[in-house]
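Just so it is clear: chains get the letters A, B, ... in the order the sequence lines come, proteins before strands, and each one is counted from 1.
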Amino acid sequence: MTPRARREALTGFLLILPWGLGFCAFTAGPMAISLVLSLTKWDILTAPHYVGLANFANLWHDPLFWMALRNTLAYTVLTVPLSLAGSLTLALLLNRRVPAVSVLRALFYLPELMPTVATAIIWTWLLNTHFGLLNYLLSRLGLPQVAWLESTTWALPSLVLMGLWTIGGNRMLIFLAGLQGIPEELHEAAALDGASRGRRLWHVTLPLLSPVIFFNFVLGVIASFQVFTPAYIVTNGGPADSTLVYVLYLYRNGFQYFQMGYAAAMAWVMLLLLLAFTWVQFRLMQRWVYYEGGATPG
Amino acid sequence: MSGLAAPLTRVRRGSRLRYGAAAGPVAYYALIAAGAAVVLLPILWAVSTSLKTAGQVFAFPPQAIPRPFAWGNYAQAWSGTVPFDRFFVNTLVITLVPTAGTILSCSLVAYGFAFFRFPLRNLLFLIVLATLMIPSQVTVIPMYIVFRYLGWLDTYKPFIVPAFFADSAFSIFLLRQFFLTIPLDLRDAATIDGAGPMTFYWRILLPLSRAAVTTVAVISFVGRWNDFFGPLIYLSSIQKFPVSLGLSFFKTFYGGGSGGAGVPHMELLMAAALLVSLPTIVVFAFAQRAYIRGVIMSGLRG
């Protein structure tokens with residue numbers, strides 16, 4: 001290394017030092033501690049003691065754990081495809097040069113800006129079985145009323161509905177960014193060749209957008225797996241544990257029952273599930289994600 | 001590069017609009033209007049409820065326009081039993097200070113990754129990206145224990161200190177992508193003129209990156225203002241609550257549950273929920289152009 005290159009490397013290291021320290025102190029370190037904790041039984045007040053894999057064995061036999069996992073999977077399976085489709089449709093609609101389009105984008109973005117607690121309180125009121133606006137509108141349309149938050153069938157879909165309210169948020173903006181990156185010439189060329197609007201969407205826009213769809217899909221699954229606030233504020237897991245989602249059960253174990261080892265084990269199971277999911281997705285990606293010039297994903 | 005951002009931020013009124021031949025402007029606007037109505041309805045309904053008297057709230061069929069307008073609900077929500085003025089000040093502290101920390105530390109780190117060659121650079125950057133996929137719940141339990149050991153529980157340190165250690169992988173990524181669009185020649189020219197790395201960063205790089213910095217600032221501000229899980233775990237004294245936790249407390253008091261004010265006061269709950277949402281909306285309204293340009297420019301184009 002020349003002295004100049006060495007100086008450059010040193011400056012670079014110094015600049016990223018805050019991240020290095022933060023990563024060790026607030027991510028890697030805690031993850032290691034959490035792995036050790038998952039092998040112990042600890043109520044915080046008395047000393048922890050080693051129990052081996054007992055926490056994981058207990059999870060396997062814990063019906064509430066399976067309930068929480070099932071609810072979270074159901075929430076994810078409902079939320080992610082619907083919100084991806086919704087965000088993408090909205091991005092396609094708002095990717096045009098029409099008057100006032102920036103006002104429209106801001107308007108659709110609005111729900112994303114509101115605190116989840118505020119959104120949760122507003123939706124609790126909208127979905128009120130007796131006085132809520134939604135049931136009133138259903139009755140005006142001659143449709144049967146639904147006991148949204150009081151029914152074990154509808155409580156989880158109610159939370160999904162709340163989540164879908166933010167389809168015009170960051171996910172849509174990222175799609176919009178992707179659409180803006182598609183060269184106009186490709187559309188013009190396809191149009192000159194006589195491709196209809198629908199065919200251009202299917203054969204030009206979607207393939208070129210597939211890396212962005214992939215990005216939003218993977219991060220969307222990770223995010224929806226972590227859903228907590230609506231379940232905590234709106235239904236607090238009820239009725240009859242029908243909205244007991246994974247992180248809510250983890251929170252209860254850790255911070256209400258003070259079973260720190262058990263909660264840490266839950267956290268690690270969640271991490272492993274998400275890692276497995278992400279790994280499979282990256283493997284499958286090569287089949288459907290199109291990268292221009294065959295470049296590797298970056 | 002700038003050609004990509006232009007169509008999004010500027011509407012050229014004179015140019016031909018790109019309406020399709022099949023979907024005419026009427027159908028297009030009808031679709032958009034229907035979508036906008038769905039998005040706006042919950043907010044408008046909350047506004048309407050917040051201005052009703054306690055008696056009108058449960059009227060059936062519901063009325064859209066309150067009569068009379070009970071503006072006093074906002075005053076009552078703001079300074080009633082729950083000290084929202086206090087919660088606002090608290091939230092400002094745990095929002096603005098960490099946001100400054102995130103901007104400062106993440107931009108320095110991104111500068112290091114974008115402009116300097118050093119061993120293991122690509123591997124380390126890959127680790128930054130990988131942390132995007134780690135759910136925060138995996139670290140929350142040990143963090144709680146460490147903060148408890150340090151005596152940081154029920155203080156603002158758990159919110160402030162990590163922010164100065166580049167705790168936002170997404171911000172690092174976004175800023176680095178933006179910095180990569182700035183030619184290295186610019187730095188070399190600055191070096192020839194005698195500017196050191198920090199002078200270049202402060203005098204040239206940051207001013208050139210206003211859009212990306214604004215984007216990071218808005219994301220950080222909105223995320224922290226709205227954060228609920230962190231305060232729920234780390235704070236226990238009511239006088240230290242931020243608005244999110246305060247609103248949840250307000251709900252247990254006025255939501256009609258046991259131990260509260262008895263009858264549910266939906267008008268007060270809606271007023272409080274709207275008041276708490278206002279600051280992020282105002283910030284976004286001011287920063288919207290730069291924010292969207294920052295997202296686009298930062299190259300989330302695959």
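With a threshold of 4.5 angstrom between heavy atoms, A:Leu164 does not approach chain B through any atom at all. Using a 4.5 Å cut-off between heavy atoms, B:Thr139 touches chain A through backbone and side chain atoms alike. A:Leu274 touches chain B through its side chain: at least one heavy atom from C-beta onward sits under 4.5 Å away, while N, CA, C and O do not. Neither the backbone nor the side chain of B:Pro279 comes within less than 4.5 Å of any heavy atom in chain A. Contact of A:Leu104 with chain B is made through the side chain alone, with heavy-atom distances under 4.5 Å. Of the two parts of A:Tyr232, only the side chain, counted from C-beta on, holds a non-hydrogen atom closer than 4.5 Å to a non-hydrogen atom of chain B. The part of B:Ile172 that comes within reach of chain A is its side chain, from C-beta onward, which places non-hydrogen atoms under 4.5 angstrom from that chain. In this structure, chain B has heavy atoms under 4.5 Å from both the backbone and the side chain of A:Met260. B:Phe113 touches chain A through backbone and side chain together, each having a heavy atom under 4.5 Å away. For A:Tyr251, the part lying near chain B is the side chain, with the backbone staying farther off; criterion is any non-hydrogen pair under 4.5 Å. With a 4.5 Å cut-off on non-hydrogen atoms, B:Pro197 touches chain A through its side chain but not through its backbone. Contact of A:Leu110 with chain B is made through the side chain alone, with heavy-atom distances under 4.5 Å. Looking at B:Met133, the atoms closer than 4.5 Å to chain A (heavy atoms on both sides) sit in the backbone and in the side chain alike. At a 4.5 Å heavy-atom cutoff, B:Arg121 makes no contact with chain A through either its backbone or its side chain. Proximity to chain B involves both the backbone and the side chain of A:Thr27, based on heavy atoms less than 4.5 angstrom apart. Proximity to chain A (any heavy atom under 4.5 Å) is shown, for B:Val138, by both the backbone and the side chain. Neither the backbone nor the side chain of B:Leu245 comes within contact range of chain A; no heavy atoms are under 4.5 Å apart. Of the two parts of A:Trp19, the backbone and the side chain both hold a non-hydrogen atom closer than 4.5 Å to a non-hydrogen atom of chain B. The contact between B:Val57 and chain A is made by backbone and side chain atoms together, counting heavy-atom distances below 4.5 Å. Contact annotation for A:Ile222: only side-chain heavy atoms (C-beta onward) come within less than 4.5 Å of a heavy atom of chain B. Only the side chain of A:Phe228 comes within contact range of chain B, with heavy atoms under 4.5 Å apart. For A:Leu133, the parts lying under 4.5 angstrom from a heavy atom of chain B are both the backbone and the side chain. Heavy atoms closer than 4.5 Å to chain A are found in the side chain of B:Gln288, but not in its backbone. With a threshold of 4.5 angstrom between heavy atoms, B:Tyr291 approaches chain A through side-chain atoms but not through N, CA, C or O. If you measure heavy-atom distances from B:Tyr144 to chain A, the contacts under 4.5 Å come from the side chain alone. For B:Val128, the parts lying under 4.5 angstrom from a heavy atom of chain A are both the backbone and the side chain.
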Margin query: If you apply the rule ring pair (Phe, Tyr, Trp, His ring centres under 6.0 Å), what do you find for B:Phe115 with B:Phe200, and how did you get there?
Written below: CA-CA 11 Å; B:Phe115 278 86; B:Phe200 173 74; 5.5 Å; yes

Next item on the list: Report the C-alpha separation of B:Phe116 and A:Phe13 in whole Å, then their side-chain angles, then the decisive distance to 0.1 Å, and conclude whether the ring pair (Phe, Tyr, Trp, His ring centres under 6.0 Å) test is met.
Entry: CA-CA 9 Å; B:Phe116 296 87; A:Phe13 270 126; over 10 Å; no

Next item on the list: Check the pair A:Arg7, A:Thr2 against side-chain contact (heavy atoms from CB on, under 4.5 Å), reporting the backbone distance first and the verdict last.
Entry: CA-CA 9 Å; A:Arg7 205 168 50 240; A:Thr2 63; over 6 Å; no

Note to self: Run A:Glu112 and A:Leu173 through side-chain contact (heavy atoms from CB on, under 4.5 Å) and show every step you take.
What the structure shows: CA-CA 11 Å; A:Glu112 185 94 320; A:Leu173 269 194; over 6 Å; no

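From B:Arg289, atom CZ reaches atom OG of A:Ser102 across 7.0 Å, with rounding to the nearest 0.5 Å. Distance check: A:Leu37 CG to A:Trp42 CH2 gives 6.5 Å after rounding to the nearest 0.5 Å. Distance check, rounded to the nearest 0.5 Å: CZ of B:Phe58 to CG of A:Asn128 gives 7.0 Å. To the nearest 0.5 Å, atom CD1 of residue A:Ile16 and atom CG of residue A:Leu21 are 10.0 Å apart. Rounded to the nearest 0.5 angstrom, B:Ile145 CD1 and A:Ser34 OG are separated by 9.0 Å. Here CD of A:Glu188 is found 9.5 Å from CZ of A:Arg200. Values are rounded to the nearest 0.5 Å.
Contact tally against chain B (heavy-atom pairs below 4.5 Å) for A:Tyr136, A:Phe131, A:Trp125: the top residue is A:Trp125. Counting heavy-atom pairs under 4.5 Å between each of A:Leu250, A:Ile44, A:Leu179 and chain B puts A:Ile44 at the top. Contact count against chain B (heavy-atom pairs under 4.5 Å) is highest for A:Phe23 among A:Phe23, A:Phe175, A:Phe225. With respect to chain A, the highest number of heavy-atom pairs below 4.5 Å among B:Val146, B:Leu269, B:Thr49, B:Leu120 belongs to B:Thr49. With respect to chain A, the highest number of heavy-atom pairs below 4.5 Å among B:Gly112, B:Pro162, B:Ser244 belongs to B:Pro162. Contacts with chain A were tallied for B:Ala169, B:Ser136, B:Ser105, B:Pro119; B:Pro119 has the most, counting heavy-atom pairs under 4.5 Å. Looking only at heavy-atom pairs under 4.5 Å with chain A, the residue among B:Leu124, B:Thr131, B:Leu31, B:Asp167 that has the most is B:Leu124. Options B:Ile127, B:Ile219, B:Val218 differ in how many heavy-atom pairs under 4.5 Å they form with chain A, and the most are formed by B:Ile127. The greatest number of non-hydrogen atom pairs below 4.5 Å with chain A, out of B:Ser248, B:Cys106, B:Ala110, is found for B:Ser248.
Residues A:Leu10 and B:Phe118 form no side-chain contact, since every pair of their non-hydrogen atoms from C-beta on lies 4.5 Å or further apart. Using a 4.5 Å heavy-atom threshold, the side chains of A:Phe214 and A:Pro211 count as separate. For the pair A:Phe215/A:Ile174, a side-chain contact is recorded, criterion being any heavy-atom separation below 4.5 Å from C-beta on. Taking 4.5 Å as the limit, some side-chain heavy atom of A:Asn95 sits within range of a side-chain heavy atom of A:Gln180.
Among residues at least two apart or in separate chains, there is no salt bridge (Lys or Arg N to Asp or Glu O under 4.0 Å) pair with a member in residues 266-283 of chain B.
Nearest heavy-atom pair across A:Pro207 and A:Leu201 is CD-O, 4.3 Å. Listed here is the closest heavy atom pair of B:Pro42 and A:Trp123: CG-CZ2, 3.8 Å. A:Ser224 approaches A:Thr72 most closely through the heavy-atom pair O-CG2, 4.4 Å. B:Met270 and B:Ala46 get closest at one heavy-atom pair: CB-O, 3.5 Å.
Using a 30° and 60° split on the angle between ring planes, B:Phe170 and B:Phe173 fall in the tilted class, from 30° to 60°.
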